[in-house]
Novice: 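Below you will find the structure I want to go over with you.
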Amino acid sequence: MTDQLIAPPAVEAPPASWWRNAVIYQIYPRSFADSNGDGIGDLPGILSRLPYLRDLGVDAVWLSPFYSSPQADAGYDVSDYRTVDPIFGTVADAEKLIAGAHELDLRVIVDLVPNHSSDQHEWFKRAIAEGPGSPFRDRYHFRPGKGENGELPPNDWPSIFGGPAWTRVEDGEWYLHLFAPEQPDFNWEHPAVRDEFKTILRFWLDLGVDGFRVDVAHGLVKEDGLPDVGHAAEWHLLGVGESPCFDRDGVHEIYREWRKILDEYPGERIAVAEAWAPTLARVADYVRDDELHQAFNFSYLGTAWNVPAQQQMIDDSLAAMRVVGAPTTWTLSNHDVVRHSNRLLQTGDGEVAGRRPTAVDPVAGLRRARAASALMLALPGSAYLYQGEELGLPEVVDLPPEVRQDPAFHRATGQDGYRDGCRVPIPWSGTEAPYGFGPDGGGSWLPQPDSWAQLSVAAQEGVPGSTLELYRAALAVRRGMPALAPTDNLRWVPAPDGVLAFERAVEGRPVFRCTVNMSGQPVAVGRPGELLLSSGALDGTADNVVLPPDTTVWWSIQD
Ligand code: NOJ
Ligand code: CA
């Protein structure tokens, strides 16, 4: 017998701070929807697709940067924080998008990039043009070099994108860039930098945004004197151990000031930190109640697909955030990592950044990804989805070098050097590229695989068992079930070897169960209640259900 899914219960969730259990969908603007056929997604394109996001059932969108930028790092190199890059549209388009989203009850979070600007930012251009001694050099980290003629970088820090973190300018001074040379790091000890970002926050808050995703939130403050790290060769900059340029205590003062600004605005405006700190406890520092609201849980993203590892990481994540009263966040994919439809099948189990994508069996990869997503969406707290995961898009592993645009790829040794494969534009409809991403005959800035016709939104919409319908059903259940709203009601339940099972309770009574088969074998489990959702086809009897490997099921539990 094959189980049919039942319609989700139509119960309103209790009111709570919207962000504590929100599902937030990451839009990577250049790859979402192209309104004018130039092959690059844009703000009017996003506006036209908002009904799709409402129907998917997410609470908010987070937009990766769309500000003026030479696009040396796909917009994470901002030359003007208060304008929209012409490839994406105008500020008026941004206003329309925010208003359009609000009409559909979708909140809008925008990316803020405070660690560095573009080298084409007015301040940096003046710093270069005015030469040593320019007051604008103090807004960045300019230093004389070491060595007899200053020919060596001021310290031994490597850039995350490969090579040294310093570039020498014509007059002989060097400037710091933890990322690409086109991304000079701001000096956050300078009051003008602090003031500037406060006004940037207000600019977008006044325009109506509901929050910010703070890029490299752990990087703003550097150790006094920019000391050598001493072991640069094996040093990973992102969240591995103590580092003089990341997770310094001084960053928290900045976020306390930002929190005051956010709290001045009505409607619970939030900020979420991209903070790669060495421990979950250090991540929790960013979400103390007078700082930011959420922080991405990259530890979870990097967790291996097995019961002890998952259980431990879920427990540790919940415990770490409980200390500061913040909701835990969960995410499996974003624009910087290998899509989880590939990643969870690749070998190795801890490291995320720097993992080179490899081809996996697409059927097995998708099966595991669906199971993982259904597990994630059953956890207490807030979940971040990355565009295309709801279609089960695989990582594109065979992009030819000449189409790749990730700066780290071209710097060869960068640990994040393979990020184009998760950024391929979304297939919406049709049988030929660009599959509705833009007008017929228009292209897409990265080529889409032929096989994506079958993965388009149109191909999956209304198709029982499709990944899109799985996500829609999961989000509808999540919305409709009060037990899934609280952030403190998870309880593990005993399960066969290789099976993870937990319940969620209302007033102490379990009303929901999630069961995940990670054993690699089919496993029979008793039916604790009515089946709400399954990530894969099931077999079974009236008393038992047989879960195939890599399958997650949700139950509603009756008395
Ligand atoms: C993190 C962003 O997610 C990534 O895409 C970017 O390259 C770096 N920060 C630098 O801004
Ligand atoms: Ca466009």
Side-chain angles (χ1 to χ4, degrees), residues 26-49 62-67 69-79 81 84-90 93 109-119 121 159-162 165 177-186 212-220 237-239 245-246 272-276 295-296 298 301 331 333-337 352-354 384 386 405-411 414-423 425-426 434 436-439 441-445:
Q26 182 190 356
I27 294 180
Y28 195 65
R30 58 172 44 235
S31 302
F32 192 62
D34 170 22
S35 71
N36 61 355
D38 65 357
I40 303 179
D42 45 49
L43 300 188
I46 299 171
L47 179 67
S48 73
R49 297 294 185 181
W62 146 37
L63 304 169
S64 281
F66 49 75
Y67 316 108
S69 161
Q71 306 291 321
D73 184 21
Y76 283 97
D77 50 320
V78 180
S79 53
Y81 290 84
V84 171
D85 196 281
I87 61 172
F88 297 123
T90 61
D93 290 327
I109 291 171
V110 294
D111 225 300
L112 186 73
V113 190
N115 180 66
H116 44 266
S117 71
S118 159
D119 63 349
H121 189 282
S159 151
I160 290 172
F161 289 164
H177 53 85
L178 293 180
F179 295 87
E182 296 87 351
Q183 294 168 296
D185 280 49
F186 280 119
F212 300 91
R213 175 264 188 191
V214 183
D215 189 60
V216 199
H218 56 314
L220 278 44
L237 287 156
L238 294 177
C245 54
F246 283 127
V272 50
E274 188 215 17
W276 296 79
F296 291 121
F298 295 121
L301 190 152
T331 189
S333 281
N334 65 36
H335 66 294
D336 290 332
V337 299
V352 180
Y384 280 81
Y386 175 52
Q405 298 202 16
D406 184 348
F409 179 81
H410 297 286
R411 285 171 71 85
Q415 66 174 0
D416 281 356
Y418 302 93
R419 300 178 300 173
D420 290 307
C422 64
R423 299 176 176 181
I426 297 295
F437 165 63
S444 59
W445 69 279

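We count ligands from 1, going down the list as the structure has it; atoms in each ligand are counted the same way. Starting from 1, each residue takes its place in the sequence as its number.
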Novice: Would you mind listing which atoms of ligand 1 come within a distance below 4.0 Å of any non-hydrogen atom of V216?
Specialist: 9 (N)
Novice: Show which atoms of ligand 1 fall inside a sub-4.0 Å distance from at least one heavy-atom site of F161.
Specialist: 7 (O)
Novice: So if I apply the side-chain hydrogen bond (donor to acceptor under 3.5 Å, both in side chains) rule between Q183 and each of D77, D73, N115, which one comes out positive?
Specialist: D73
Novice: Give the contacting part of F296 toward ligand 1: side chain, backbone, both or neither, where contact means a heavy-atom distance below 4.0 Å.
Specialist: neither
Novice: Mark up the atoms of ligand 1 that fall under 4.0 Å of a heavy atom belonging to R419, in ascending order.
Specialist: 4 (C), 5 (O), 6 (C), 7 (O)
Novice: Less than 3.0 Å from the Ca ion (ligand 2) is the window; count the protein N, O or S atoms in it.
Specialist: 5
Novice: For ligand 1, which part of Q26 has a heavy atom less than 4.0 Å away: the side chain, the backbone, both, or neither?
Specialist: neither
Novice: Hydrogens and angles aside, do Q405 and R423 bring a side-chain donor and acceptor to less than 3.5 Å of each other?
Specialist: no
Novice: Which ligand 1 atoms, with their elements, are less than 4.0 angstrom from a heavy-atom of H116?
Specialist: 10 (C), 11 (O)
Novice: Ignoring hydrogens and angles, tell me if any N or O in the side chain of W445 forms a donor-acceptor pair with the backbone of R30 under 3.5 Å.
Specialist: yes
Novice: Give a yes or no on whether the backbone of P434 and the side-chain of S444 come within a donor-acceptor separation of less than 3.5 Å.
Specialist: no
Novice: Any donor and acceptor pair, going by atom type alone, linking the side chain of D406 with main-chain N or O of D420 inside 3.5 Å?
Specialist: no
Novice: Establish, from distance only, whether the side-chain atoms of S69 and D85 form a donor-acceptor pair under 3.5 Å.
Specialist: no
Novice: Taking the six-membered ring for Trp, is the centroid-to-centroid distance between Y76 and F179 below 6.0 Å?
Specialist: no
Novice: Would H177 count as a contact residue for ligand 1, given that I'm defining contact as a non-hydrogen atom of the residue lying under 4.0 Å from a ligand atom?
Specialist: no
Novice: Counting N and O atoms only, with roles assigned by atom type, does the side chain of D42 sit under 3.5 Å from a partner on the main chain of G89, one being a donor and the other an acceptor?
Specialist: no
Novice: Applying side chain to side chain donor-acceptor pair (under 3.5 Å), name anything that partners E182, two or more places apart in sequence or on another chain.
Specialist: none
Novice: Using the ring of each side chain (for Trp, its six-membered ring), is Y386 parallel, tilted or perpendicular to H335, with breaks at 30° and 60°?
Specialist: tilted
Novice: Give the numbers and elements of all ligand 1 atoms closer than 4.0 Å to a heavy atom of R423.
Specialist: 5 (O)
